[in-house]
J.: 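What follows is a structure written as structure tokens; I'll ask about it next.
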There are 2 protein chains.
Amino acid sequence: MKYKKDTSEKILQSAFEEFEEKGYNGARMQAIADKAGINKALLHYYYKSKDALFQLIIQKAINLFLPNLAKSFNESIDFFTGLEDFIYAYIDFLIQHPRIPGFITREINNNPERILNLFKASGLDIKPLTQKIRKAVNDGLIDDISPEQLIVNVISLSVFPFVSKPIITGIVLNNDKEAYQQFMETRKKEVSRFIIKAIKK
Amino acid sequence: MKYKKDTSEKILQSAFEEFEEKGYNGARMQAIADKAGINKALLHYYYKSKDALFQLIIQKAINLFLPNLAKSFNESIDFFTGLEDFIYAYIDFLIQHPRIPGFITREINNNPERILNLFKASGLDIKPLTQKIRKAVNDGLIDDISPEQLIVNVISLSVFPFVSKPIITGIVLNNDKEAYQQFMETRKKEVSRFIIKAIKK
DNA sequence: GTCTATATTAGGATAGAC
DNA sequence: GTCTATCCTAATATAGAC
């Protein structure tokens, strides 16, 4: 056996925390080693370089972030139920992983091509979704809206509050950290209601 | 005269570009010097440290980003007109400065306290806005909605598409860069329509 | 597999001449 | 005010013992 699984797992976990919090440029190999309870040399024994390690981590983050995106939508029969289920599930996921949106958007702006390639490699395909929306328009269920605009609206309303969490807490909620929890819980219902009212015929 | 104004201006401009593109951790003093056509020593002659220079730049970015936020809203008499004017003006501003949202959100996640302090120091106060929304609810103009949720919705729909620009272009618009321009132009009308339909009684 | 010690480079900052 | 040359530390990475 070449690698001790628990050591390599521990490293991955520590690396995830460090990269997620500090970003690629801010992350330190020393900090990852410390968190994992090992030293830098061993880090390089398990993973060739900072860059290689980062690639694994950001890929994991994106694949965690994405599949949830299409699931509920594709399963459900009723359009509005599907939309509602998706928003609930997605905001729930983000409440569990509140740092992922900031992590991914930071790296999008640091290195757009790299991240775009990972998005493409993830196999994400929005075509079924755009068709579902187009069908809902044709069936007279919802107003005439470009599927791309609607998709961006749904993602924006769900994801952006996490990207800007410190500002929302500090400015909008007067620094009340418990209020943020409540705010995001309420938001599941609120975003669903908001979007459905905005598009329903 | 202690400083040559055109040199110090040139440095600020170069620093803005570098920090905006790479972020604090990714930015290089050498790159700023190169862009400004000077050398690192002179950079430190004009601005004490990377940190001090960054502080000026991010402050400038935030103050550019914020005042637009409250203006239209406070001026207008009619609630819906005010909302619409704001969204048009704000997305227009972001089309002119498409990198600012990514810049600010990156630094929010890199160093929340620092950015939050700058937001607070900017004198931004959302109270007039929340009161205006509360009044619109009480007057029966719009559905019962928490002002905080509505504010976050408006900002999310306007700002997030710029934060995720490379992904929208690459995934949603099939890499068509001209389509992005068109997409954001359309979006002014689309976001206004979407929000007003979502809240109007 | 894991460690200590060290090589190497990058990058912010300063000294000192002009 | 502007430059060249240099310092110094931090950070990635590797060599080699155990």
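Below, read A as the first sequence line, B as the second, and so on, with proteins coming before strands; counting in each chain starts at 1.
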J.: Applying a 4.0 Å non-hydrogen cut-off, can you work out what B:Ala27 is touching in the nucleic acid: base, sugar-phosphate, or nothing?
T.: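 The answer is sugar-phosphate, as B:Ala27 gets under 4.0 Å only of primed atoms, P, OP1 or OP2.
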J.: Rounding to an integer number of Å, can you tell me how far B:Ile32 CD1 sits from C:dG11 C1'?
T.: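 Going from CD1 in B:Ile32 over to C1' in C:dG11 covers 12 Å.
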J.: What about B:Lys50: does its side chain form a donor-acceptor pair under 3.5 Å with the base of C:dG11?
T.: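 No.
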J.: To the nearest Å, give me how far apart OH (B:Tyr47) and P (C:dG12) are.
T.: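 Result: 17 Å.
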J.: For the residue pair B:Phe19 and B:Tyr24, categorise the inter-ring angle as parallel (less than 30°), tilted (30 to 60°) or perpendicular (more than 60°).
T.: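 B:Phe19 vs B:Tyr24 ring planes: parallel.
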J.: With respect to the phosphate group of D:dT2, does any side-chain polar atom (N or O) of B:Thr7 fall under 4.0 Å of OP1 or OP2?
T.: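 So the side-chain polar atoms of B:Thr7 do come within 4.0 Å of the phosphate oxygens OP1 or OP2 of D:dT2, strictly under.
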J.: Quickly work out the B:Gln30 CD to C:dT9 P distance and round it to whole Å.
T.: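 Atom CD in B:Gln30 sits about 18 Å away from atom P in C:dT9.
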J.: Report the distance from atom CD1 of A:Ile11 to atom C1' of C:dT2, rounded to the nearest whole Å.
T.: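 Those two atoms, CD1 and C1', are 11 Å apart.
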J.: Side chain of B:Gln149, backbone of A:Phe183: donor and acceptor closer than 3.5 Å?
T.: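 Checking the backbone N and O of A:Phe183 against the side chain of B:Gln149, a donor-acceptor pair under 3.5 Å is found.
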J.: Checking A:Asp139 side chain against A:Leu141 main chain: does a donor-acceptor pair fall under 3.5 Å?
T.: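 Between the backbone of A:Leu141 and the side chain of A:Asp139 there is no qualifying donor-acceptor contact (under 3.5 Å).
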J.: State which of C:dA15, C:dT2, C:dT4 makes the closest approach to the side chain of A:Asn39.
T.: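 Ranking C:dA15, C:dT2, C:dT4 by closest atom to the A:Asn39 side chain puts C:dT4 first.
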J.: Regarding B:Arg187 and B:Glu190, does a basic nitrogen lie under 4.0 Å from an acidic carboxylate oxygen?
T.: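 Looking at B:Arg187 and B:Glu190, the cut-off is not met.
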J.: So if I take every side-chain heavy atom of B:Ser49 and compare against D:dC3, C:dT2, C:dA13, which nucleotide ends up nearest?
T.: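 Nearest to the side chain of B:Ser49 among the choices is C:dA13.
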J.: Check whether any side-chain N or O of A:His44 sits under 4.0 Å from OP1 or OP2 of D:dA13, and answer yes or no.
T.: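 Yes, because at least one side-chain N or O of A:His44 sits under 4.0 Å from OP1 or OP2 of D:dA13.
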J.: Does B:Arg28 have a side-chain nitrogen or oxygen under 4.0 Å from the phosphate oxygens OP1 or OP2 of C:dA10?
T.: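 No, because none of the side-chain N or O atoms of B:Arg28 sits under 4.0 Å from OP1 or OP2 of C:dA10.
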J.: Counting only N and O atoms by type, is there a donor-acceptor contact under 3.5 Å from the side chain of A:Lys50 to the main-chain atoms of A:Ala27?
T.: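 Yes: the side chain of A:Lys50 pairs with the backbone of A:Ala27.
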J.: Calculate the interatomic distance between A:Tyr24 atom OH and D:dA11 atom P; express it in whole Å.
T.: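 The answer, rounded to whole Å, is 14 Å.
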J.: Whether B:Lys40 contacts D:dT4 is assessed here as follows: a side-chain N or O lying under 4.0 Å from the phosphate OP1 or OP2. Is that the case?
T.: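 No, outside the criterion.
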J.: Please give, in whole Å, the distance from C:dA13 C1' to B:Tyr45 OH?
T.: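 Roughly 16 Å, once rounded to whole Å.
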J.: Starting the side chain at C-beta, find the nucleotide from C:dT14, C:dT2, D:dA13 nearest to A:Leu42.
T.: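 Of the candidates, C:dT2 comes closest.
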J.: Can you tell me how far C1' of C:dG12 sits from CZ of B:Phe19, to the nearest Å?
T.: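 Whole-Å distance recorded here is 11 Å.
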J.: Calculate the interatomic distance between A:Tyr46 atom OH and D:dT12 atom P; express it in whole Å.
T.: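 That distance rounds to 20 Å.
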